[in-house]
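Reviewing the structure listed below.
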Amino acid sequence: MLEHEKETTFMSHVPHELHEEFPDQADALHALKMNNAHFAKLSEDYHSVNREIHRIETEIEPASDEALEGLKKQRLQLKDEIAALLAASESTGS
């Protein structure tokens with residue numbers, strides 16, 4: 001399998017996407033992305049880190065175990081911030 005074919009095959013489904021992490025909050029995710037610049041930035045950062053982790057885990061991109069663990073911690077921190085903003089938006093009804 002050629003490298004670009006491998007990437008296409010493995011990248012067709014990336015685990016831990018926000019809509020999978022918060023399946024019951026798709027509308028809130030979309031609304032916050034459109035109306036809250038800070039949330040949109042967090043979402044972009046989460047997406048970027050998540051894709052990088054996926055590339056490493058599928059051996060498309062090399063990285064040390066320490067680098068991978070650091071990225072996973074960063075993803076978790078971003079997810080926690082996103083969850084807090086989603087919870088706040090629900091409590092205020094926005």
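For reference, positions follow the sequence shown, starting with 1.
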Nearest-0.5 Å distance, [atom1] of residue [X] to [atom2] of residue [Y]:
X: Leu18; Y: His30; atom1: CG; atom2: NE2; answer: 14.0 Å
X: Leu32; Y: Gln25; atom1: CG; atom2: CD; answer: 9.5 Å
X: Glu61; Y: Ile53; atom1: CD; atom2: CD1; answer: 11.0 Å

Exercise answer: donor-acceptor pairs, residues 68-88 side-chain atoms, under 3.5 Å, sequence neighbours excluded:
residue, atom, partner, partner atom, Å
Lys72, NZ, Glu57, OE2, 3.3
Arg75, NH1, Asn50, OD1, 2.7
Lys79, NZ, Glu21, OE1, 2.4

**OP:** Evaluate the side-chain proximity of Arg51 to His16: yes if any heavy-atom separation is below 4.5 Å, no if none is.
**Re:** no

Original post:
If every non-hydrogen atom of Ala40 is compared with every non-hydrogen atom of Lys33, which pair is closest and at what distance?
Top reply: CB-O, 3.5 Å

Original post:
Does any N or O in the side chain of Asn35 come within less than 3.5 Å of the main-chain N or O of Ala31, such that one atom is a donor and the other an acceptor?
Top reply: yes

